[in-house]
Chemist: 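Questions regarding the structure given below will be posed in turn.
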Amino acid sequence: MWRDHLTEIIVFSALFLLVSAMGFVAARWRAPKDMAHLDEWGLGGRSFGGWITWFLVGGDLYTAYTFVAVPALMFGAGAAGFFAVPYTIVIYPLVFLVLCRLWSVSHRHGFVTPADFVRRRFDSPVLALLIAITGIVATMPYIALQLVGIEAVLKTMGVTGDSALARHLPIIIAFAILAAYTYQSGLRAPALIAFVKDSLIYVVILVAVIYLPYKLGGWGSIFDAADAKFAASPNPNDGILLNANNQLQYVTLAFGSALALFLYPHSITGVLASRNRDVIKRNMSALPAYSLLLGLIALLGFMAIAAGVKPLPGAKEGTVDSNTVVPVLFDQQFPDWFAGVAYAAIGIGALVPAAIMSIAAANLFTRNIYKEYLKRDASPAQEANVSKITSLVVKVGAVACIVFLDPQFSIDLQLIGGVIILQTLPAVALGLYTRWFHRGALIAGWVAGMGLGMWMLYQIPNPASKRAHFGGSAFPLSDFGFDTKKTIYVGIVAVLVNLVVAALVTLALRAAKVADGVDGTTPDDYFADEGDPRVTPGPDRDADSAREPVA
Amino acid sequence: MTAGEPETPRAASSRAKDHSPWNWLLFIPIVVPLIPALFNADSPRIFGFPRFYWLQLVWILLGVATTTLVYQMTKKRGTH
């Protein structure tokens, strides 16, 4: 019952209200002369320095869902869940070069979304539309999943109700507040809140990794307890080490997820908001601090095993909600007030990425659907306004997903989201390096990659939850006719097919001399930096907003 | 603007090319963490962590060291 958790609820609510107030105040933080511009509302004036970018992108990439789901995966499957660590190591060297080029070309031409870039580079509104829709569809379930993170915490505090509405009321209120301050403050709100969120998370995790092993008999016995649990389970693919059959899956999932992560519109929004190339490059050395944190968070799953945590029951009879593993561990092991702080860290942790994702999705709609197809001559103020309203719609949609549909549906969609966002790789990431691909071929490759990816995901059953389709992202190679038990990440296969199709169709279209449009960028654009007089919009726009000292 | 337009000196100096041989180093932290043969074992344990866990956490340092080195070696001269 919730009365047993009163201290936790009070601490949680107090911290939640504090950051809500910060969200509204954020509109005045580093205030621009004119907020009615998409660059201001949607990209924070493109002026964030090293520290803000570190907190913003860190708070953006490492979401509440990650903090809840990765340890839950470790709890259930062991070593396979640790893929999150190589995944978040590999991403930074990849981003170091690629997103710097995207930053430069976007700064030079005033692009707000990856689809803006594709539109200009390949001179194809259709391809840009596909990229925009892919981004929106991949982002929506991701926002809904942030709610799953908050719900796991609320459930552990006993904040539940008999009817569906009563059960979801706290989340509806939380998201209404979030929607209001995102509407008012734009990207400045999550940037400011991220300071609180990340500080709380760092404190909680540092305490957890020092205090919990001390209580549970040391790291050695934590790993031994996990080993004993997996040795006793009938599943052949769990354990504290990988086996011969899931190594390929581990590696391809880590690599594919890294490629997917920086193609997500919300990551690109975070990067484009930074002030210059140096800020991005320095951050690639500083952001892995979060990867260390994530590695330690993952191990909370093993601590939960050692502490004998039993996850709370799920929505249906006889199921368990594995996302409650970490909240229950905190509830059992920490004093009430500190468990409240930990829950607040997770709850607030959901707000930062949810805000950035809804802004990114709103920007895609505004720039690549509204301005392209509905109102060609939209002014910057109209663009900002449409984006603000769209961000509200996006959040209502996310809440509706959680309230009216089985949360499992959002989890499935997010699984699909990683696979489909990867299909924008040839146009967005390779497009930053080469104009070799034909615009028609990129569309063909996208269609092929999407089709194959969907088919593969559909084929994968999940024996644990007794579902026949969309049971995971590990595709058995035996389904392709290979005589092996190895599995591979669906996204990698789909994007490889996408690339092959794009290359072959490019050759065919070039041979047939099909028109290929005009590249609206020059090679120089990809190196433009702050202070380049050619960058749009005007150079003195943020001259009197307070500059943050360079970190 | 057209490619033939003359550039101001400021424009030229504010742009960095990223064709540096140092950038090839970035492949190390991309490839090494993706070779399970290196870390998929229990021993040796350090502070109770099996090799699988501590060595993958060490790769984080490898990534930080590499990106820092490449950044220092390729950043624009004269501005810092």
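Sequence lines set the chain letters: A, B, ... in the order given, protein chains first and strands last, and positions in each chain run from 1.
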Chemist: Taking all atoms of both residues into account, what is the closest heavy-atom pair of A:P288 and B:V64, and its distance?
Modeler: CB-CG2, 3.6 Å

Chemist: Testing the basics here: between B:Q56 and A:V85, what is the closest heavy-atom pair and its distance to 0.1 Å?
Modeler: O-CG1, 3.7 Å

Chemist: Determine the minimum heavy-atom distance between B:P33 and A:P86, stating which atoms define it.
Modeler: O-CB, 3.8 Å

Chemist: Does A:K229 have more than 12 heavy atoms from other residues, nucleotides or ligands lying within 6.0 Å of its NZ?
Modeler: yes

Chemist: Look up atom CG in A:L241 and atom CG in B:N40, then write down how far apart they are to the nearest 0.5 Å.
Modeler: 5.0 Å

Chemist: So B:Y53 and A:F82, would you call those rings parallel, tilted or perpendicular, with 30° and 60° as cut-offs?
Modeler: perpendicular

Chemist: Where on A:L299 is there a heavy atom nearer than 4.5 Å to chain B: the side chain, the backbone, both, or neither?
Modeler: side chain

Chemist: Check for me whether the distance between the ring centres of B:F49 and A:W219 falls short of 6.0 Å.
Modeler: yes

Chemist: If you measure from CG on B:L34 to OG1 on A:T252, what distance do you get to the nearest 0.5 Å?
Modeler: 9.5 Å

Chemist: Answer with side chain, backbone, both or neither: which region of A:F302 has an atom nearer than 4.5 Å to a non-hydrogen atom of chain B?
Modeler: side chain

Chemist: Need one label for B:A41: side chain, backbone, both or neither, based on atoms under 4.5 Å from any heavy atom in chain A.
Modeler: backbone

Chemist: Against chain B, work out which of A:D224, A:I222, A:N276, A:T88 has the most heavy-atom pairs shorter than 4.5 Å and name it.
Modeler: A:D224

Chemist: Quick one: closest heavy-atom pair of B:T74 and A:K281, and the distance?
Modeler: OG1-NZ, 4.3 Å

Chemist: Any non-hydrogen side-chain atom of B:T66 less than 4.5 Å from a side-chain atom of A:P93?
Modeler: no

Chemist: Using a cut-off of 6.0 Å, state whether more than 12 heavy atoms not belonging to A:K215 lie near its atom NZ.
Modeler: yes

Chemist: For B:I60 and A:S291, work out which heavy atoms get closest and say how close.
Modeler: CD1-C, 3.7 Å

Chemist: For a quick test of reading the model, state the closest non-hydrogen atom pair linking A:F96 to B:T67 and the distance between them.
Modeler: CE1-O, 3.8 Å

Chemist: Regarding B:Y71 and A:D278, is there a side-chain donor-to-acceptor distance under 3.5 Å anywhere?
Modeler: yes

Chemist: Answer whether the closest heavy-atom distance between the side chains of A:Y92 and B:L26 falls below 4.5 Å.
Modeler: no

Chemist: Given side chains that start at C-beta, do those of A:I240 and B:P50 come closer than 4.5 Å, heavy atoms only?
Modeler: yes

